[in-house]
Structures are given as structure tokens and as C-alpha cells.
Protein chains: 2
Amino acid sequence: MASMTPARTSPPTDVPQLGLRERKKIKTRTAIRDATYALIEEQGYDATTIEQIADRAEVSPSTVFRYFPTKEDIVLTDEEDALILEELKARPKDEPWTESVRAIMQKAVRLGHEQQPEITRLRAHLMAQVPAVRARMMESMSVASHMLAEGIAERTGRDVDSLEVRVYTMSVVAGLAEISQYWAENDFQDDLSELLDRALDVLANGLTPENT
Amino acid sequence: MASMTPARTSPPTDVPQLGLRERKKIKTRTAIRDATYALIEEQGYDATTIEQIADRAEVSPSTVFRYFPTKEDIVLTDEEDALILEELKARPKDEPWTESVRAIMQKAVRLGHEQQPEITRLRAHLMAQVPAVRARMMESMSVASHMLAEGIAERTGRDVDSLEVRVYTMSVVAGLAEISQYWAENDFQDDLSELLDRALDVLANGLTPENT
DNA sequence: CCCTATTTTGACAGCTACTCTCATTTCATG
DNA sequence: CATGAAATGAGAGTAGCTGTCAAAATAGGG
């Protein structure tokens, strides 16, 4: 039964000594996501209703909403966000934190590209095309921004809630969001990690004559 | 009849030789907005339904949607955006464009503060409190970002669609959005134009040891 | 002033995301 | 296996939003 599961959403989540209940929950969660991705690729985002998703995932619509607060959230997992902060904290303290950010983001990009390239592209595509998804992504970016602010505040000895830190982190995160959109608009032809480097250069140095 | 109009939303819109039709449209538009602001102050955003708005504005719900595509749009007029680009283009060409941006944004802040301080605050408040409004605001910011990009591209001789310009403008716009949120979260105690200056400094110079 | 063409409006039906409640089923544990 | 807890499904309800169509208001000309 498990062997016929098509196209896993997530890399083989560690399945150690979890109770049957937990394992089922994970299964349901990925079933809903997989159904959603498949339907969206077939029909597009707007044409895909929660009812269809529920049908294909073989659960009730109620259950879909129990697992994901909104339709947009189904395609925007965000389980990485928390990890990113951890990685930031795990970086050597003497490293310039701009470089820490660069390393972490590069790693995130690499992982996305290696482990689930189609989904990474689909997400970028949805983000560029569907306003609601883009909006939801921005929201989660805002959350990410606050976590990034923690890390930066810690490194720079500032208050997390200072205007300066908040403005700076928000601008960084928003700038990075723009990469994804750019990437999708240009049909994924560019190398995402190169775009990331260029974006980070702009964020660090502004629009200098040097960068193209 | 015009003299009993309560609390105009917008500064006395020029009422020259517009036909009766046009004048009524403007009236309806402001009636809807005024009703919305009033109801939101009484009950909060979520508790305010389109039906209530329609009732108070003495129009049908259909009409409300004919004037504003979404509920969020009723509180986010955005008529200023187009003006901003014009002002940018009207600036002396030899002025450093970062200063142009600063001057324009300062002017926008000043106008908002002088002409409709309550509404400016209400908007900032809603932006901070209501995710849907914040999201919609971000969307319109994204549009603003593209217009800003035009201006900057023109000044710097770059392509409007270059990654660098897009990342930069988006980060600026998002950074500026953050000051509104900061302002609202701190109960509007700060001077908005001072916050703006600080934010623009951060955006220009990054998190240097100089700025507090 | 009236007649006609056009625009604006209201009433209504319909769809879908999302919430809440409650009974039923499924798993955990002793 | 029995008991308690958690997950699910079914159903009703709300609200934002879309689309259609007929009625009302306005513009413009005779």
C-alpha cells in the first residue's frame, strides 16, 4: 500500500517510532498536498476547489481545513522557516552575518532544487500568477522576517523590535521574494542561486555602477 | 444639500463641469468609503459586512462591488500611487534619486497627516491588525514598486525589468511598509516622517553602527 | 418637453472558501 | 477487551464575490 504512493511531496520523512496515529496524520497531510499539486497542474489554481482536493485525497472537506487553514497554505508549506533560523544560529559567530544569510539562503535554494524541483517551480509559478498565493507568501515572509530579525539583532547587539532592524530584515526578505517572481516570469531559465547572489549584492551595496 | 455632507473622505475633489452622472458616482464612492470607515471604527473590520456597508451607504451590495473589487480595497484607495510617479518624474534630474524618493515620500506623509490624519491612522492600524488588508496593501505596494522602478531605471540608465532594479525597488517599498506597521504598533506615538527618514537611512546605508 | 439610447442600479441566484457543532469512528492504554 | 481520547465526517451556516437581467436614472436631440 505504501509502495504505490505516487510522487511523494516531501523527502522520505523520517518514520521512526511514531504511533499509528501520527503516521496516519503525516500520510493524510501529504495526500492532501499531493492531490492539490496534481489538480493544480491539471486545471490551474482557481479552478481547483477544496471539494475536489478532498475527493482525490479521499478525505472529507472538513479534514482538509483541519490540516490547512487556507487553500493557499496547502501549497505553501513553510516548514523550512523554523529550520532557517536554527541554521542561522548555528553559523560561526564571527562570520559577517550578511554572509551567514547568504549561505543559508543558498542552502535553501539548493535543497529545493535537488529534492523537489517541480514543486519549487510550481510554487514560484503560483506565486507569480495567483495574487492570493503571493499575498499569503508575503505574510509568511513577514514571519520569516521577524525570525531573521532575531538572528540579526543577536549578532549586531540591537533590539529586535528596533525600527532599523525591522526595516532592514523586511527589505531583505521582500527583495528575496522578488527573485522567485523574476525566476518564474522568465520561465525558470536562470540559475536561481545566481539570482540569489545578485540580489544579495544589491541588498548589501545598493544599485552601484558595478553590478550589471 | 452639499453642505450637510458629513466628514468628507477626500479633500474637496474639484467639482467643475462634471455631468450629473459623474458627480453622483463620486458621491456614491465616498458614501461607501465613509460608511465603511465609520462601521469599522464602531465594530472592527471583520465584523463589518458588505451588507452593512451597503445599508449605511444607501446602496445595494451589488453597487458596492461595482465600485470596489474587494472589501479591502474600500479602505485602500491608492489614488495617490499614480501621483507619486509623476512627482518623481517632476524632480530635478540632477538630484540624487535617493533624495528624490525621500522628498516624495516625505511629501506623501505630510499630506496624509495634514489632510486626513484619522484615516491615515486607521489605515495603518488595519494594516497592522488585519492580515487581509496587509496583504492587499502589499499587492498595491508591488504595483507601486514597479512604478518606482520606472523612475529609477530612467535615472540610472538601467533596464526596468532588470533583476537589480526590481529587487532594489521592492526592498525599498517593503521597507517603507514596515514603518507604517511600526507606527501603528507603537500607538502612533512616533513622528511618521522621522520614522521615514530613519528607514530611508537604513535602506541607503544598511545596518551601520551609526544609526541607533 | 418628450423620446430614445446609454448608463447605472437593484434584486436575485449561485459558487466557494471557511467556521462550527455534533455524532461516529479510530487509535491508545491499562 | 474496555475505557478515554483523538481524529474524522456530515451538515448547516456565514460572507465574499460573480454573473445575469430587468428597472430606473441620465444624456442628448428633436
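Lettering of chains follows the sequences in order, A, B, ..., and the numbering in each one begins at 1. FYI, side chains are in, hydrogens and waters are out, and symmetry mates aren't considered; it's all heavy atoms of this structure.
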Position toward the 5' end of DNA chain C (nearest nucleotide), A:T48 or B:Y67: B:Y67
Nucleotide D:dG9, atom P - distance to CD1 of A:I50 in whole Å: 14 Å
OG-CG distance between A:S180 and A:L195, expressed to the nearest 0.5 angstrom: 10.0 Å
Interatomic distance where CZ belongs to B:R23 and C1' belongs to D:dA25 [whole Å]: 14 Å
Which residue lies more 5' along DNA chain D, comparing B:E72 with B:E22 via nearest heavy atoms: B:E72
Spacing of A:K27 atom NZ relative to D:dT8 atom C1', expressed in whole Å: 16 Å
Donor-acceptor pair under 3.5 Å, B:T49 side chain vs D:dA15 base: no
Distance, nearest 0.5 Å, that separates CG of A:L126 from CD of A:E41: 9.0 Å
Gap between atoms CZ and P, on B:R66 and C:dG10 respectively (whole Å): 8 Å
Spacing of A:L39 atom CG relative to C:dT16 atom P, expressed in whole Å: 14 Å
5' precedence on DNA chain D between B:L20 and A:T28 (nearest-nucleotide basis): A:T28
Under 3.5 Å donor-acceptor pair, B:R21 side-chain atoms to C:dT6 base atoms: yes
Ring-face cation contact, A:Y45 with A:K71, 6.0 Å cut, 45° max: yes
Any A:K24 side-chain nitrogen or oxygen under 4.0 Å from OP1 or OP2 of C:dT26: no
Donor/acceptor link under 3.5 angstrom from B:S60 side chain onto base of C:dA11: no
Distance, nearest 0.5 Å, that separates CZ of B:R198 from CG of A:L163: 4.5 Å
pair A:T36-A:R56: side-chain heavy atoms closer than 4.5 Å: no
Touch class at under 4.0 angstrom, heavy-atom based, for A:T63 against every strand present: sugar-phosphate
Between C:dA17 (C1') and B:K71 (NZ): distance, integer Å: 14 Å
Euclidean distance, atom CG of residue B:D46 to atom P of C:dT19 [Å, nearest integer]: 11 Å
Euclidean distance, atom OH of residue A:Y45 to atom P of C:dT16 [Å, nearest integer]: 14 Å
